[in-house]
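Only one structure is covered here, and it is reproduced in the block below.
Throughout, a chain's letter reflects where its sequence line sits, starting with A, and its residues are numbered from 1. Only a predicted model underlies this, so the values are computations on that prediction, with no experimental measurement involved.
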Amino acid sequence: MPGGDFIRDIIANDLKSGRINSVVARFPPEPNGYLHIGHAKSICLNFGIAEEFSGRCHLRFDDTNPTREEQEYIDAIEADVRWLGFDWGKHLYHASDYFERLYGWAEDLIRKSLAYVDDQTQDEMRAARGTLTEPGRNSPFRDRTVEENLDLFRRMKSGEFPNGARVLRAKIDMASGNINLRDPVLYRILHATHPRTGTAWSIYPSYDYAHGQSDAIEGVTHSICTLEFEDHRPLYDWFLDHLPVPSRPRQYEFARLNLTYTVLSKRVLTELVRGGHVKGWDDPRMPTLAGLRRRGVPPSAIRDFIKRIGVAKANSVVDAGVLDFSIREVLNKTALRRMAVLRPLKVVIENYPEGQSEELDAVNHPDDPAAGTRKVRFGRELYIEQDDFMENPPKKFFRLSPGTEVRLRYAYFITCREVVKNAAGEVIELRCTYDPATKGGNAPDGRKVKATMHWVSAKHAVPAEIRLYNPLFNSASPDAGNFAADLNPNSLEVLADARVEPALAGLNSAEPVQFERQGYFAPDPDSTPDHLVFNRTVGLRDSFAKVVGKP
RNA sequence: UGGGGGAUAGUUCAACGGUAGAACAUCGGACUCUGACUCCGAGAAUCUUGGUUCGAAUCCAGGUCCCCCAGCCA
């Protein structure tokens, strides 16, 4: 029996003890924004449990607030869950599917004198709710007759009253230490158009009133949510205790995901989009599933990441580097290798005949011979990476500098003979010589070089735009209340004049490739045959960067 | 000074009265036609004070610190 965390332990025990025969879970998003990596934790947990224990997992939209929910989000959520690799089969539900039943149960509560219509204003209700340390006061409308309550509630439903005029409240305990039990609101008047039910309803159930009963209707056995709902559980149970529900779900809570250098709050993410701080929900800097997808992150990497971080009840912040690790872990095995020069520096091979060029063999994946080989063009004029040359190198610099010899991958050894500078003193060109005997990359005399560098032929390479992404925030734990102050102005870096090997022009999938020695890059949807655009999914580990103290 | 939760390496998670373990990160080293990958190695933790016990991260009591709750949001 699979175990691994306290939730799975509970389920395993429930199955073993016979309390349940099979597990039914659910992922219950509210369609008021896009899914992010924090939701991925919940999705992997709920759908993962269903898979592991041979149960099922429902996708249920918690669509009880038409003032913030939109069809666009509904569609995006379904697409994202599928993309992540999960299937709810025929079990697609909406809390709004149950509006009729929930309404009937509300009348039941009224008949049992367990609910009443309150005419207090919002301010009055707030004032009467008490504080964390003082009990609240009963509403003056708390003891209306069943008949009056029923009449008022029906008129609320028929749309007779304006927004905010009245609410239906549970009659529980205004003195409870748990504020959720101080006569919580069950229904509020909302004259709004619902994405699914249109204008059929002018009252809508609250989350607390809808969630547990929806679970019960669907036969959910384990209703897994995040920690902030822990003190809603007594209320969740109260409804199930007092209503003729068809099953008895149980709620369990786990700690939501937090990631360094990012914010996983739908409110903040929405503001980032609406405020134009990013280009949309799928901006590759966003921690949304849509953004990660656009950046080139494979869904299996996200699943691997979620597996690594575990599930527990302690609040925690996961190092964003763990996600990077998972991405590299997946991509290293699958991504084809290519050469691309991000910041080109021209190299002229003085002893290579003018006008000549040749094709050399390059492997597509060093650990997978089945991936085959391709040809790369070599010529007299090349581009190498600006970072791969230093005129006055420090001790541990193994790459090209005046007089040193390096290998150009799959090609030849070259030696730097001369440095050409412009009027400003910047290096604009290198004059080098090559050793024809080292064709393919090995010296017959057995001599070694300390560096192998990537390169492209100046004549044959294709121009490309490369987008590098850095964390959206400068702070490891941005203040969600004032996130603008922590925004990283350099989260997007565009390299407009990169050169890539021609094989990249014909890339026909959105799968990332590895630009050797640099990282994993995926074509952006903006990319066209005339204007290639690549997103850096994640960089390669770079231990040399630490040596030279690069950021 | 209400109610509900939580504290184990730098980080995240295990250990369910019987040798505190893993992953990421860090630091060494090997290998290498990617300063990648891979491999080997190292340092690094039970919030605190008592108690129970042959034996406590685990059970009990007190304390400390952290998080959540006063929406007609979810």
What about [X], does its side chain sit under 3.5 Å from the base of [N] through a donor-acceptor pair?
{"X": "A:Arg399", "N": "B:G35", "value": "yes"}
{"X": "A:Arg308", "N": "B:U12", "value": "no"}
{"X": "A:Asp9", "N": "B:C16", "value": "yes"}
{"X": "A:Gln518", "N": "B:U34", "value": "no"}

Strictly distance-based, threshold 3.5 Å: is any side-chain N or O of [X] a donor or acceptor partner for the main-chain N or O of [Y]?
{"X": "A:Thr438", "Y": "A:Tyr434", "result": "no"}
{"X": "A:His39", "Y": "A:Val81", "result": "no"}
{"X": "A:Lys396", "Y": "A:Phe544", "result": "no"}

Between [N] and [M], how many Å separate the two [atom1] atoms, rounded to a whole number?
{"N": "B:G18", "M": "B:A57", "atom1": "P", "value": "10 Å"}
{"N": "B:A15", "M": "B:A56", "atom1": "C1'", "value": "13 Å"}
{"N": "B:C13", "M": "B:G6", "atom1": "P", "value": "13 Å"}
{"N": "B:U34", "M": "B:G28", "atom1": "C1'", "value": "22 Å"}

Quick check for you: among [options], whose closest atom lies nearest to any side-chain atom of [X]?
{"X": "A:Phe398", "options": "B:C72, B:A70, B:G35", "value": "B:G35"}
{"X": "A:Val322", "options": "B:C24, B:G2, B:G71", "value": "B:C24"}
{"X": "A:Ile179", "options": "B:A74, B:U34, B:G2", "value": "B:G2"}
{"X": "A:Lys313", "options": "B:U12, B:G6, B:A70", "value": "B:G6"}
{"X": "A:Asn332", "options": "B:U34, B:C37, B:A25", "value": "B:C37"}
{"X": "A:Arg541", "options": "B:C69, B:C73, B:A36", "value": "B:A36"}
{"X": "A:Phe544", "options": "B:C72, B:G35, B:A70", "value": "B:G35"}

Starting at the 5' end of RNA chain B, what dot-bracket string do you get if Watson-Crick and G-U pairs under 3.5 Å are bracketed, crossing pairs use [ ], other-strand pairs use | and unpaired bases use dots? .((((((..((((....[..)))).(((((.......)))))....(((((..]....))))))))))).....

Neighbours of RNA chain B within [range], by heavy-atom distance under 4.0 Å:
{"range": "residues 365-376 of chain A", "result": "A:Pro366"}
{"range": "residues 117-124 of chain A", "result": "A:Gln120, A:Thr121, A:Gln122"}
{"range": "residues 160-169 of chain A", "result": "A:Gly164, A:Val167"}

Please check the phosphate of [N] (OP1 and OP2 only) for any side-chain N or O of [X] closer than 4.0 Å.
{"X": "A:Arg182", "N": "B:G71", "answer": "no"}
{"X": "A:Ser176", "N": "B:G2", "answer": "no"}
{"X": "A:Arg267", "N": "B:A74", "answer": "no"}

For A:Arg337, check salt bridge (charged side-chain N to carboxylate O under 4.0 Å, His left out) against everything at least two apart and list the hits.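 So A:Arg337 forms no salt bridge (charged side-chain N to carboxylate O under 4.0 Å, His left out) with any residue.
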
My understanding is that only residues two or more places apart in sequence, or in another chain, count here; which of them pass salt bridge (charged side-chain N to carboxylate O under 4.0 Å, His left out) with A:Glu358?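 By the salt bridge (charged side-chain N to carboxylate O under 4.0 Å, His left out) rule, A:Glu358 matches A:Lys439.
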
A:Glu516 or A:His232, whichever maps to the more 5' nucleotide of RNA chain B: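 Taking each residue's closest nucleotide, the earlier one in sequence belongs to A:Glu516.
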
Tell me which of A:Gly130 and A:Gly177 sits closer to the 5' end of RNA chain B, going by the nucleotide each one is nearest to.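 That would be A:Gly177.
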
Which residues pass the ring-ring contact (aromatic ring centres under 6.0 Å, His included) test with A:Tyr34, sequence neighbours left out?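 Result, ring-ring contact (aromatic ring centres under 6.0 Å, His included) vs A:Tyr34: A:Tyr73, A:Trp281.
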
For A:Tyr207, what residues pass the ring-ring contact (aromatic ring centres under 6.0 Å, His included) criterion, not counting sequence neighbours?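 Partners of A:Tyr207 under the ring-ring contact (aromatic ring centres under 6.0 Å, His included) test: A:His211, A:Phe229.
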
Quick one: list whatever passes side chain to side chain contact (heavy atoms under 4.5 Å, CB included) with A:Asp367, sequence neighbours left out.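 A:His365.
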
Mind listing the side-chain donor-acceptor pairs of residues 444-453 of chain A below 3.5 Å, one per line with the distance, residues two or more places apart or on another chain?
residue: A:Asp445; atom: OD1; partner: A:Arg447; partner atom: N; Å: 2.9
residue: A:Asp445; atom: OD2; partner: A:Arg447; partner atom: NH1; Å: 3.1
residue: A:Arg447; atom: NE; partner: A:Glu405; partner atom: OE1; Å: 2.9
residue: A:Arg447; atom: NH1; partner: A:Asp435; partner atom: OD2; Å: 3.2
residue: A:Arg447; atom: NH2; partner: A:Glu405; partner atom: OE2; Å: 2.7
residue: A:Arg447; atom: NH2; partner: A:Asp435; partner atom: OD2; Å: 2.9
residue: A:Thr452; atom: OG1; partner: A:Arg407; partner atom: NE; Å: 3.0
residue: A:Thr452; atom: OG1; partner: A:Arg407; partner atom: NH2; Å: 3.2

Please tell me whether [X] and [Y] form a close aromatic pair, meaning their ring centres lie under 6.0 Å apart.
{"X": "A:Tyr410", "Y": "A:Phe378", "result": "no"}
{"X": "A:His222", "Y": "A:Tyr252", "result": "yes"}
{"X": "A:Phe99", "Y": "A:Tyr204", "result": "yes"}

Might you work through the side chain to side chain donor-acceptor pair (under 3.5 Å) test for A:Gln251 and A:Glu253, ending with a clear yes or no? CA-CA 7 Å; A:Gln251 174 182 300; A:Glu253 310 85 13; 3.0 Å; yes

Polar atoms only, N or O, under 3.5 Å: list the protein pairs with nucleotides 65-68 of chain B and their distances.
residue: B:C67; atom: O2'; partner: A:Asn315; partner atom: ND2; Å: 3.1

Syn-anti status, with the boundary at 90° from 0, for the nucleotide B:G17: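 For B:G17, whose glycosidic angle is more than 90° from 0, the conformation is anti.
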
Does any pair with a residue in residues 153-186 of chain A pass ring-ring contact (aromatic ring centres under 6.0 Å, His included), and if so which ones, sequence neighbours excluded?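 Passing the test, one end in residues 153-186 of chain A: A:Tyr103-A:Phe153, A:Phe153-A:Tyr187.
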
Do A:Asn470 and A:Tyr261 pass the side-chain contact (heavy atoms from CB on, under 4.5 Å) test, and can you show the C-alpha distance, the side-chain angles, and the key distance before you say yes or no? CA-CA 10 Å; A:Asn470 300 306; A:Tyr261 297 100; over 6 Å; no

